[in-house]
Structure formats: C-alpha cells, structure tokens
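One structure is given here, and the rest of the page talks about it.
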Amino acid sequence: MSDDEDVQISDSEEARACISRLLKAIEGWAVKESNKNELEVTAFAAALASGIISFHDFTSRDCRNSQQLLGAISKAKQHIDRQFKQFDGEIDKMHIKFAQEMEELDLKIIRDRKEFKHYLVSLIYAEEYNKLRKKISNIFETLDAKARYEDAPSSK
C-alpha cells in the first residue's frame with residue numbers, strides 16, 4: 001500500500017462522514033451535560049478541560065456546523081465564570097475580616113477555626129474554578145474563532 005492510499009483512506013468521504021457523526025455525538029452529549037444542575041455543569045466543564053477531546057483539531061467548518069456545541073461550552077464557561085467570581089468574592093470578604101481580626105487579636109491565632117476552615121476551602125475552590133475558567137474560555141474562544149473563520153477554497 002502506498003502513502004497515497006493511506007492519505008485517501010484517512011481523507012476519504014467516508015472518513016469525513018464518520019468524523020461528522022462523531023462531532024454530532026459530542027455535540028449531543030455537550031448539550032445534555034450543559035443543561036444539568038450546577039454541580040454536573042461543573043463536572044462537564046472539568047471533562048471539557050481534561051483535554052480528552054482535541055478541540056484544537058476541529059476545523060472551521062466543523063465549528064460552524066456545531067453551533068449547539070459552542071452554545072453548550074458557552075453555558076459551561078458562564079457557569080464557571082460565575083462560580084469563580086462567587087468564591088473569589090468570598091475570599092475578598094474573608095481577607096478583610098481576617099485582616100481586621102488579626103489586628104484585633106494582635107496577630108494571635110484566629111478564634112473562629114470553623115470559619116477559617118471555610119476560608120481555606122473557598123480558597124481551594126476559587127483556584128480550581130479559576131483553572132477551569134481559563135481552560136473552558138480557551139476552548140470556547142478557539143471554537144468560536146474557528147466558527148467565524150472562512151476556510152480558503154480547497155483544491156479538492
């Protein structure tokens with residue numbers, strides 16, 4: 001088998017049709033996941049951010065034909081942005097409170113350990129949501145840019 005035959009198999013009409021079916025399956029999955037509750041949308045964002053799907057390999061045509069996928073990723077992005085802002089806001093409030101407490105206690109140990117533990121948990125969540133937010137934003141921006149890009153006419 002020659003190299004030309006390999007290229008024809010990989011770039012055949014049947015192979016392209018199979019890829020289209022795969023993209024539609026991914027799009028259907030993404031739409032379902034993006035319409036679930038907040039915790040599951042967070043899990044959906046984590047799955048997207050895991051890198052298991054190579055979004056950078058999607059063509060501009062794929063992206064233009066997958067508007068529901070873009071919408072689902074946009075929902076996940078908005079959710080992650082909201083969650084990040086929520087936890088980041090909580091941290092800001094707690095920073096102020098703990099700074100005041102530290103002054104009041106003359107740099108002694110903070111009395112309310114339960115609240116401090118909540119602060120630490122919020123700090124961890126804010127960092128996790130920030131990581132997810134960046135990854136999901138990158139995926140969305142890549143697919144959105146590709147969806148808006150007009151492919152040059154091919155010589156095929």
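The analysis underlying the following values was restricted to heavy atoms, covering all of them including side chains, and did not include hydrogens, waters or symmetry mates.
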Just how far is it from atom [atom1] of [X] to atom [atom2] of [Y], taken to the nearest 0.5 Å?
X     : Y      : atom1 : atom2 : value
Cys18 : Glu13  : SG    : CD    : 13.0 Å
Asp81 : Tyr129 : CG    : OH    : 12.0 Å
His79 : Ser34  : NE2   : OG    : 11.5 Å
Ile80 : Lys131 : CD1   : NZ    : 13.5 Å
Asp62 : Ile19  : CG    : CD1   : 7.5 Å

Test item: side-chain donor near acceptor, Asn35 and Lys75, under 3.5 Å:
yes
Return the set of residues passing salt bridge (charged side-chain N to carboxylate O under 4.0 Å, His left out) with Arg148 (not counting sequence neighbours), or none when no residue passes.
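For Arg148 the salt bridge (charged side-chain N to carboxylate O under 4.0 Å, His left out) partners, ignoring immediate neighbours, are Asp144.
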Listed partners of Glu127 passing salt bridge (charged side-chain N to carboxylate O under 4.0 Å, His left out), at least two apart:
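None.
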So which atom in [X] and which in [Y] form the shortest heavy-atom distance, rounded to 0.1 Å?
X     : Y      : answer
Ala15 : Ile9   : CB-O, 3.5 Å
Glu38 : Gln83  : OE1-OE1, 3.9 Å
Arg64 : Ala147 : CG-O, 2.6 Å
Phe58 : Lys146 : O-NZ, 2.5 Å

Which of Asn65, Leu70, Leu22, Leu69 passes side-chain contact (heavy atoms from CB on, under 4.5 Å) with Glu27? Answer is Leu69
Would you sort out whether Asn130 and Tyr125 count as a side-chain contact (heavy atoms from CB on, under 4.5 Å), showing the intermediate values?
CA-CA 8 Å; Asn130 190 36; Tyr125 279 144; over 6 Å; no
With a cut-off of 6.0 Å (strictly less than), are more than 12 heavy atoms of other residues, nucleotides or ligands near CD1 of Ile52?
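Atom CD1 in Ile52 is not crowded, with 12 or fewer foreign heavy atoms closer than 6.0 Å.
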Are more than 12 heavy atoms from other residues, nucleotides or ligands located less than 6.0 Å from atom NZ of Lys24?
yes
Quick one: does [X]'s side chain get under 4.5 Å of [Y]'s, heavy atoms only?
X      : Y     : result
His95  : Ile91 : yes
Arg16  : Ser20 : no
Phe140 : Phe55 : no

